[in-house]
Asker: 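One structure, pasted below without further comment.
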Amino acid sequence: MHLIKQNSKLRLILVTGFLILQVIAKGNSPADLSRLSIIPKPVSAIPEKGNFTLTKNSVIFVSAQGGEIHSIGNFLAAKLIPATGFGTKVKVTAGKQTSGNIYLTLASGDEKLGEEGYELSVKSNIISLKANKPAGLFNGVQTIRQLFPAGIESSSKQPGPWQIPAGVIFDYPQYAYRGAMLDVARHFFQVNDVKRFIDLIAFYKMNVMHLHLSDDQGWRIEIKKWPNLTSIGGSKQVGGGAGGFYTQKQYSDIVKYAAERYITIVPEIDMPGHINAAMASYPELNCNGKATDLYTGTEVGFSSFCTSKEITYQFISDIFGELAAITPGPYLHIGGDESHVTKLEDYIPFVNRVQQIVTKLGKKVIGWDEIALTSLSPNSAVQYWAKAENAVKGVKQGAKVIMSPAANSYLDMKYDSTTSLGLFWAGFVETDKSYNWDPSTLVPGVEKENILGIEAPLWTETITNMKDLEYMVFPRLLGIADLAWRSAPAGNWGEYKIRLAKHGARLKAMQIDYYPSKLVPWGDYLK
Ligand code: ACM
């Protein structure tokens, strides 16, 4: 009897000890690769046994000297160094792969990977990332970042260890155009703010940053032939405070910064409406020859170009000419929305002529969905935001559609009735609503093959600084990034909300002021 009691006591001690050891071991080693929180979700992630450990001796080896692949290696090193405190070096591969290192290789592999896909193999001794093109490697680097513990995103040294669970990821996007828009016209955002936004969208494998550069309240890009646009038109913003603008040099700096992150800048000059800042800058643009007053309110739809004046088209040619010269990307966005005081019989020939101006500059047109009321040029794309019938009209003309449905993808809509920032004319857009929609079935008549991609716009009538911007953008942008990339058409909110909750620690490490939606079980993962 006594012996049995002692025996069971001993067993209890052993079992408890074993469980404690297991918990400790678990705490130190990452979960299996397929259960990690990668956003957007990879096409396939197959776990294997073991972990790769990054050490102070680990080197990032690249398959060529100089050029883009070297820059991508440097980008990864720069992301790893602050939190690890290691002096991770980037070197050119010399023959055989050796233990403890990361290898980035450009090689034509599976066609399915296309220009932006990648294949990542994590073994306990080596990480190997391969892609057909540099953009694919860059996307793979974002996945590597997300596979490390969240602390890797910290800007100060963290304890580690820096392990990644072994496995193989094969990954490529569904949509070619995956973007966000920032309205710098209603409230101006400095170059460094735009760069931070670019960094953040790149982390989620987005590849387009659309800048809304002009509106009734402000003109934000230097045009050398028309200097009043910035000296007068750029001087104010919503609420009456000082505005601002980008010099062409600053804009080029943004373009370069974006390109280094495989992001294309799409500049927008909104017309024929939303044009008061220009009309206030030059009296000769107005039908009555008188400059309008600067406007710092938030009403929409009251301004218009004088479509019957020839100077209007000279002005537009100059603007887009200068903009095309500093924009390497293929698109110029011409706006075209809410031209409520331009008669339709004036709007149609106006937009047709502007399309010709842009096309002659060797650029493709994007316009808000209203431009589908005109005769679209062969390469024009229609950005659906409000009217499904316009998107369908665009498709019937053979145009591609960018899906930005306000009720799902507008980042300036309030999350719910308690959100102090934002607007709600398209309804509340909670975190699940921005995630749970399928671009390929949302609008009957707009099929997957008609869709160029997805874009999440942030209008800034009520957004004045980065803290507020981040609160409105995060976490909704992650849901949009996930659906723009993911292979499954319909979202699985139950699965995604856990992935997002696990991702919370990473948002914190990146010091992102995100909205802590009650629909997401953050608390289970943020201990
Ligand atoms: C828009 O929201 N007016 C395109």
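Start at 1 and go down the list; that is how both ligands and their atoms are numbered.
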Asker: With atoms numbered from 1 as shown, which atoms in ligand 1 lie under 4.0 angstrom from a non-hydrogen atom of Glu338?
Answerer: 3 (N)
Asker: Out of all atoms in ligand 1, which are within 4.0 Å of some heavy atom of Trp459? Include the element for each.
Answerer: 1 (C), 2 (O), 4 (C)
Asker: Where is the nearest protein heavy atom to atom 3 (N) of ligand 1: which residue, which atom, and how far?
Answerer: Asp337 OD2, 2.7 Å
Asker: Quick check with a 6.0 Å cut-off and a 45 degree axis cone: is Arg476 positioned over the face of Tyr514's six-membered ring?
Answerer: no
Asker: Salt bridge check, Lys41 against Glu495: does any charged N sit closer than 4.0 Å to a carboxylate O?
Answerer: yes
Asker: Distance-only, no hydrogens or angles: does the Asp412 side chain make a donor-acceptor pair with backbone N or O of Thr460 under 3.5 Å?
Answerer: no
Asker: Of all the non-hydrogen atoms in the protein, which one sits nearest to atom 2 (O) of ligand 1, and at what distance?
Answerer: Tyr410 OH, 2.6 Å
Asker: Distance only, no hydrogens: is a donor on one side chain within 3.5 Å (strictly under) of an acceptor on the other, for Tyr204 and Asp482?
Answerer: no
